[in-house]
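Encoded as C-alpha cells, the structure appears first; notes follow it.
Residue numbers start at 1 and run along the sequence shown. Note that ligands are numbered from 1 as they come in the structure, with each ligand's atoms numbered from 1 the same way.
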Amino acid sequence: MAASLCTRFLGKEFPSPLVLPAGILGMSYGSLRFARDAGFGLVTSKSLSLEPRRGHEGPIVARFGGGILNSLGLCNPGIEAGLAEVEEFSQKTGHPVMVSLFAVNRPDFEELTRRANDSSAVFIELNLSCPNVMDEFGVPLAASKELVADIVEGVKKLARLPVVAKLSPNALDLPAIALAAQEAGADALSMINTLGPGLLIDTAARKPVLAPRFGGISGPAILPLALKLVYECTGRVRVPVIGMGGVSSGDEAVQMIMAGAGLVGVGSALWLGGAGVVADINAGIRGYLERENIASPDAIPKLERKNA
Ligand SMILES: Cc1cc2nc3c(=O)[nH]c(=O)nc-3n(C[C@H](O)[C@H](O)[C@H](O)COP(=O)(O)O)c2cc1C
C-alpha cells in the first residue's frame, strides 16, 4: 500500500506529522524555511515575548551522551519583529506555522495573544514551561494547575486562533495539569519541554560547562519520560497532543504516535544531526506504514490501556 504522511490535527491537514518545536532553530525567515525544506509538516517560531530579550551569555548549549543541555534564556527578537518573520515565511511559502508565546503572567500572555491574532499562524502555542528562567521568575508556571488554568482561560477569551498549551515535565502530576489546561479551554496540548534543569561539568576547568551553570535537558535521554507522560496525559484528556522529547528516528516517532500524540516534535535530533534527520524520520514513518499496511499516521493504532 502506498502510504501518505498527511496528518490531520485540529481540523487541519499537515504534509507530515513532524513538527519543528519552538526555539530549536531560532526564528528568522531563513531558519523557518530551512525547517520547511527539511520536511517538517508544521514549524514553530522561537518563543516570543513582548519585548526583545538578549538571553544569557555563552556558552549556553552543550552536548552530552544523552542529548543537549541548554540555557538560552529565551532570547528572542520580541513579538513585533518575530511576527514579521512569521508573516514573511507564511506569505512566501504558504506553509503552516505555529507562533510560540512566552510571558510570566496572564496580562502579558493576553497582550501577546492580541498581537498574534492578526498573524497568519495556524495555532498559538503558550510556552508555560521555562526551567531556564526559574531563577529570575520563581516557580515555572507549568508546575501549577491554577496558574496554567488562569493563563489559558485569559488567552482563550481573546484568541482567534486555536490555542496549544505547552507543558513542562517538571511538574509532580502532569496529567492533572493537562486536565486543568483542557478545562480552561486549551484546544490542544504540546509536551514535553526540557527536563531539569541539569548540570554538566568541565573537569579541566573545574567549572560548569554552561555559563549560566544549569540548563534544560533535551534529546534521547528524555524519550522514555516523554513517551510515558504523553501516554498518561492522553489517557486523561480529550484534546489532541503534540508529543516531543528525544525523538530521533522513524520508529521513535511511531512510538510517540502510539503513546497518544497526533503530531510529533523533533528538536534536538535536528540540532545534533542536521536536516537529513528529518527526511530519515519521515522515511522511517512511511516505511512502518507500508510494512504494517496502515494508510496514514492518523491511523496508527494507539497503545492499549490497562484499564480501557
Ligand atoms: C536549544 C533549544 C532551545 C529551545 N527553545 C525553546 C523555546 O524557545 N520555547 C519552547 O517552548 N521550548 C524550547 N525548547 C524546548 C523544545 O521546543 C522541546 O520541547 C524540547 O527540546 C524537547 O524536544 P527534543 O528532545 O526533540 O529537543 C528549546 C530546546 C532547545 C534544545
Exercise. What part of Asn70, side chain, backbone, both or neither, has a heavy atom within less than 4.0 angstrom of ligand 1?
Worked result: side chain
Exercise. For ligand 1, which part of Ile192 has a heavy atom less than 4.0 Å away: the side chain, the backbone, both, or neither?
Worked result: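 Just the backbone.
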Considering heavy atoms of the protein only, find what lies nearest to [atom] and give residue, atom and distance to 0.1 Å.
atom	value
atom 3 (C) of ligand 1	Gly23 O, 3.4 Å
atom 14 (N) of ligand 1	Ala22 O, 3.4 Å
atom 26 (O) of ligand 1	Gly267 N, 2.9 Å
atom 25 (O) of ligand 1	Gly246 N, 2.7 Å
atom 21 (O) of ligand 1	Ser218 CB, 3.3 Å
atom 8 (O) of ligand 1	Lys46 NZ, 3.0 Å
atom 15 (C) of ligand 1	Asn193 OD1, 3.3 Å

Problem set entry | Leu42 side chain near Phe123 side chain, heavy-atom distance below 4.5 Å | yes
Problem set entry | Pairwise side-chain contact, Leu50 with Arg115, heavy-atom cut-off 4.5 Å (strictly under) | yes
Under 4.0 Å to a heavy atom of [X] - the qualifying atoms of ligand 1, by number:
X	value
Gly219	25 (O)
Ile24	29 (C), 30 (C), 31 (C)
Asn127	9 (N), 10 (C), 11 (O)
Leu74	8 (O)
Ser268	24 (P), 25 (O), 26 (O), 27 (O)

Looking only at distances, can you tell me whether any N or O atom of [X], backbone or side chain, sits closer than 3.5 Å to an N or O atom of ligand 1?
X	value
Gly265	no
Thr194	no
Glu125	no
Val247	no

Exercise. So how far is it from Lys145 NZ to Leu179 CG, rounded to the nearest 0.5 Å?
Worked result: 8.5 Å
Problem set entry | Separation of Asn70 CG from Ser218 OG (nearest 0.5 Å) |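 The OG atom of Ser218 sits 6.0 Å away from the CG atom of Asn70.
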For this session: Kindly identify the option in Ser47, Ser100, Gly215, Pro169 whose heavy atom sits closest to atom 7 (C) of ligand 1.
Result: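 Looking at heavy atoms only, the winner is Ser47.
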For this session: Run down the list Met244, Lys166, Glu252 and name the one with the heavy atom closest to atom 17 (O) of ligand 1.
Result: Lys166
Are [X] and [Y] close enough for a salt bridge, meaning some N to O gap below 4.0 Å?
X	Y	result
Arg114	Glu111	yes
Glu110	Lys157	no
Asp150	Arg106	yes
Arg236	Glu232	no

Heavy-atom neighbours of [X] [atom1] exceed 12 at 6.0 Å:
X	atom1	result
Lys302	NZ	yes
Glu51	CD	no
Glu183	CD	yes

For this session: May I ask whether Val61 places a heavy atom under 4.0 Å from ligand 1?
Result: no
Exercise. Distance only, no hydrogens: is a donor on one side chain within 3.5 Å (strictly under) of an acceptor on the other, for Glu125 and Ser190?
Worked result: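 Yes, side-chain donor-acceptor contact under 3.5 Å.
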